[in-house]
K.L.:
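Next up is a structure, given as structure tokens.
Protein chains get the first letters and strands the later ones, always in sequence-line order, with residue 1 at the start of each. Computed from heavy atoms alone, side chains included, the values below leave out hydrogens, waters and symmetry copies.
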There are 2 protein chains.
Amino acid sequence: MSAAEKYDVFQAIADPTRREVLHLLATKERSIAEITTHFDMSRTAIAKHLHVLADAELVSGTKVGREKIYMLQPEPLTELKQWLAFYEQFWNNKLTKLKYVVEKEMMTDTE
Amino acid sequence: MSAAEKYDVFQAIADPTRREVLHLLATKERSIAEITTHFDMSRTAIAKHLHVLADAELVSGTKVGREKIYMLQPEPLTELKQWLAFYEQFWNNKLTKLKYVVEKEMMTDTE
DNA sequence: TTGACATGAAACCAAATGGTTGTATATAAT
DNA sequence: ATTATATACAACCATTTGGTTTCATGTCAA
């Protein structure tokens, strides 16, 4: 069961419906039908979204009887976290500069 | 100059070219032409990507002479960070379990 | 002022995306 | 055995996306 790797994490989370699905699966495992009840679209559409998420390995599904139960697999989000970490230094710099300015102002104001 | 808000951060970073553009702008401000030299596509295509990024407020451009200089605006990434933070608790749980196992092994190994 | 340069904007296009409906198959319940 | 349920899969469709080419405009340099 290798990943076709057609979709990566970035693409997978780009769609708001898929983010909502992830959020639902964060609470607990759910069947396709159960997930569908939370949306205003067909079961097939949701199944497709789940395939995209599974392709990005953000969820995994196992067949239980006639149901397919999907569960969250958050590991691939580490890639996103690492990507973000690189940019954090930039907005942290801004905050640092701001903090410096504020503190300087406080000193000149109060003394 | 309000945001048309057609694109959000999630969509903006979904495209690998746009992520590369962001990475380039992290180093320094650059003109459209300069950015284009790093890619194998037309200047117009890059300009479109920059519009998407600008729409998501991840970059801003100012005209200087006949050039348009774009710079990184990392602030909207905080939204992404917050989104991620929610899911971190899940994979942290897994890591915590792993850490526990490792430490337990170390103790039994070294003492 | 004339030409080269940098961009803007419009028209166009193929492929991908996000949805639908319809049909088939496997499992559960009566 | 029959019916209802849960899903799979294929075909189809409209819109969006990511790219192109072409033409117009503004600015810099000679």
K.L.:
Between Asp40(A) and Tyr70(B), which residue's closest nucleotide on DNA chain C lies nearer the 5′ terminus?
P.N.:
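Result of the comparison: Tyr70(B).
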K.L.:
So if I take every side-chain heavy atom of Arg18(B) and compare against dG18(D), dG18(C), dT7(D), which nucleotide ends up nearest?
P.N.:
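Selected nucleotide: dG18(D).
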K.L.:
To the nearest Å, how far apart are His49(B) NE2 and dT7(C) P?
P.N.:
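My rounded result for the distance is 16 Å.
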K.L.:
Between P on dT27(C) and CD1 on Ile32(A), what's the gap in Å once rounded to a whole number?
P.N.:
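Going from Ile32(A) (CD1) to dT27(C) (P), I get 15 Å.
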K.L.:
Any N or O donor-acceptor pair linking the side chain of Lys68(B) to the base of dG8(C) at under 3.5 Å?
P.N.:
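Checked by distance alone, the answer is no.
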K.L.:
Atom CZ of Phe10(B) and atom P of dT16(D): how far apart are they, to the nearest Å?
P.N.:
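Between P of dT16(D) and CZ of Phe10(B): 21 Å.
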K.L.:
Among dA11(C), dT7(D), dA29(C), find the nucleotide with the atom closest to the side chain of Arg66(A).
P.N.:
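My answer, after comparing the listed nucleotides, is dA29(C).
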K.L.:
Going by the angle between their ring planes, with limits at 30° and 60°, are His23(B) and Phe86(A) parallel, tilted or perpendicular?
P.N.:
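Answer is parallel, since the angle falls under 30°.
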K.L.:
Reading DNA chain D from 5' onward, which residue's closest nucleotide shows up sooner: Lys48(A) or His51(A)?
P.N.:
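Its nucleotide being nearer the 5' end, the pick is His51(A).
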K.L.:
DNA chain C: Ile46(A) or Val64(A), which has the more 5' nearest nucleotide?
P.N.:
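Its nucleotide being nearer the 5' end, the pick is Ile46(A).
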K.L.:
With a 3.5 Å distance limit and no angle check, can you tell me whether Arg30(A) reaches the backbone of Leu24(A) through a side-chain donor-acceptor pair?
P.N.:
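Here the side-chain-to-backbone pair exists.
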K.L.:
Can you check the Ile69(B) CD1 to dA6(C) P distance for me, whole Å?
P.N.:
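Atom-to-atom, Ile69(B) to dA6(C), this comes out as 11 Å.
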K.L.:
Rounded to whole angstroms, how far apart are CG on Leu50(B) and C1' on dG19(D)?
P.N.:
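Answer to the nearest Å: 15 Å.
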K.L.:
Reckon Ala45(A) touches a base, only the sugar-phosphate, or nothing at all at heavy-atom distances under 4.0 Å?
P.N.:
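Base contact.
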K.L.:
Between Gln11(B) and dT16(D), is there a contact of a side-chain N or O with OP1 or OP2 at under 4.0 Å?
P.N.:
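For Gln11(B), the contact criterion (side-chain N or O under 4.0 Å from OP1 or OP2 of dT16(D)) is not met.
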K.L.:
Would you mind reading off the distance between Arg19(A) atom CZ and dG18(C) atom P, rounded to a whole angstrom?
P.N.:
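After rounding, the reported distance stands at 11 Å.
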K.L.:
Select one nucleotide: of dT21(C), dT17(D), dT21(D), the one nearest the side-chain heavy atoms of Ser42(A).
P.N.:
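Of dT21(C), dT17(D), dT21(D), dT21(C) is nearest to the side chain of Ser42(A).
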K.L.:
Send over the distance from Arg43(A) CZ to dA24(C) P, rounded to a whole Å.
P.N.:
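Going from Arg43(A) (CZ) to dA24(C) (P), I get 16 Å.
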K.L.:
Want to settle it: does Met41(B) or Glu34(A) sit nearer the 5' end of DNA chain D, counting the closest nucleotide to each?
P.N.:
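Nearer the 5' end of the strand: Glu34(A).
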K.L.:
Calculate the interatomic distance between Glu67(B) atom CD and dT27(D) atom C1'; express it in whole Å.
P.N.:
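So the two atoms are 11 Å apart, to the nearest Å.
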K.L.:
Roughly how far, to the nearest 0.5 Å, is CG of Leu53(B) from OH of Tyr7(B)?
P.N.:
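The distance works out to 10.5 Å.
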K.L.:
Is Asp8(B) paired with Arg19(A) through a side-chain N to carboxylate O contact shorter than 4.0 Å?
P.N.:
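Salt bridge between Arg19(A) and Asp8(B), a charged N being under 4.0 Å from a carboxylate O: yes.
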K.L.:
Distance check, rounded to the nearest 0.5 Å: Glu34(B) atom CD versus Glu29(B) atom CD?
P.N.:
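Atom-to-atom, Glu34(B):CD and Glu29(B):CD are 11.5 Å apart.
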K.L.:
Determine: side-chain N/O of Tyr7(A) to OP1/OP2 of dA16(C), distance under 4.0 Å, yes or no.
P.N.:
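False: Tyr7(A) side-chain N/O out of range (4.0 Å or more) of dA16(C) OP1/OP2.
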K.L.:
Give Thr44(A) one of three labels, base, sugar-phosphate or nothing, depending on what nucleic acid heavy atoms sit under 4.0 Å from its own.
P.N.:
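Base contact.
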